[in-house]
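Small disclaimer: the values here were computed from a predicted structure and weren't measured. What you see below is based on every heavy atom in this structure, not just the backbone, and it leaves out hydrogens, waters and symmetry mates.
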Amino acid sequence: MSEIMENQDTLTEEQQAAAQELETAQQDAEAAQQDLDAALEEENPMAAKRRKWSAFVEGPAADFFTGYKLEKMAIDDGNGNKAKFSRTKDEGIKVEYTSSVML
């Protein structure tokens, strides 16, 4: 019986170590993504703005649209970036968005 308990303790320690490694890897990936975003923003700030707009449209704006079960929604940031959401017949979501760049 004590061998079973020892094996369970070892497995738990192994699981904890694996969870810690996973958490560390996630933190490293987040840091790398932030470094990449910062580097790309320095290199091409307009591309970074387009990426941020598309991330906003496909993330929080889409969540708002689905969360409140809206049929249609249009958003405009005042800088030429626009998005339109609508429901399809099969209850899907159609999203059209544009980005405007001043050169």
Which pairs with one or both residues in residues 76-96 pass salt bridge (charged side-chain N to carboxylate O under 4.0 Å, His left out), sequence neighbours excluded? Lys94-Glu96
List the atom of Thr98, the atom of Trp53, and the distance in Å for their closest heavy-atom pair. O-NE1, 3.2 Å
Tell me which donor-acceptor pairs under 3.5 Å the side chains of residues 57-68 have, and how far apart each pair is, sequence neighbours excluded?
residue: Glu58; atom: OE2; partner: Tyr97; partner atom: OH; Å: 2.4
residue: Thr66; atom: OG1; partner: Ala62; partner atom: O; Å: 3.1
residue: Thr66; atom: OG1; partner: Asp63; partner atom: O; Å: 3.1

Quick one: are Phe85 and Ile93 in side-chain contact, heavy atoms under 4.5 Å? yes
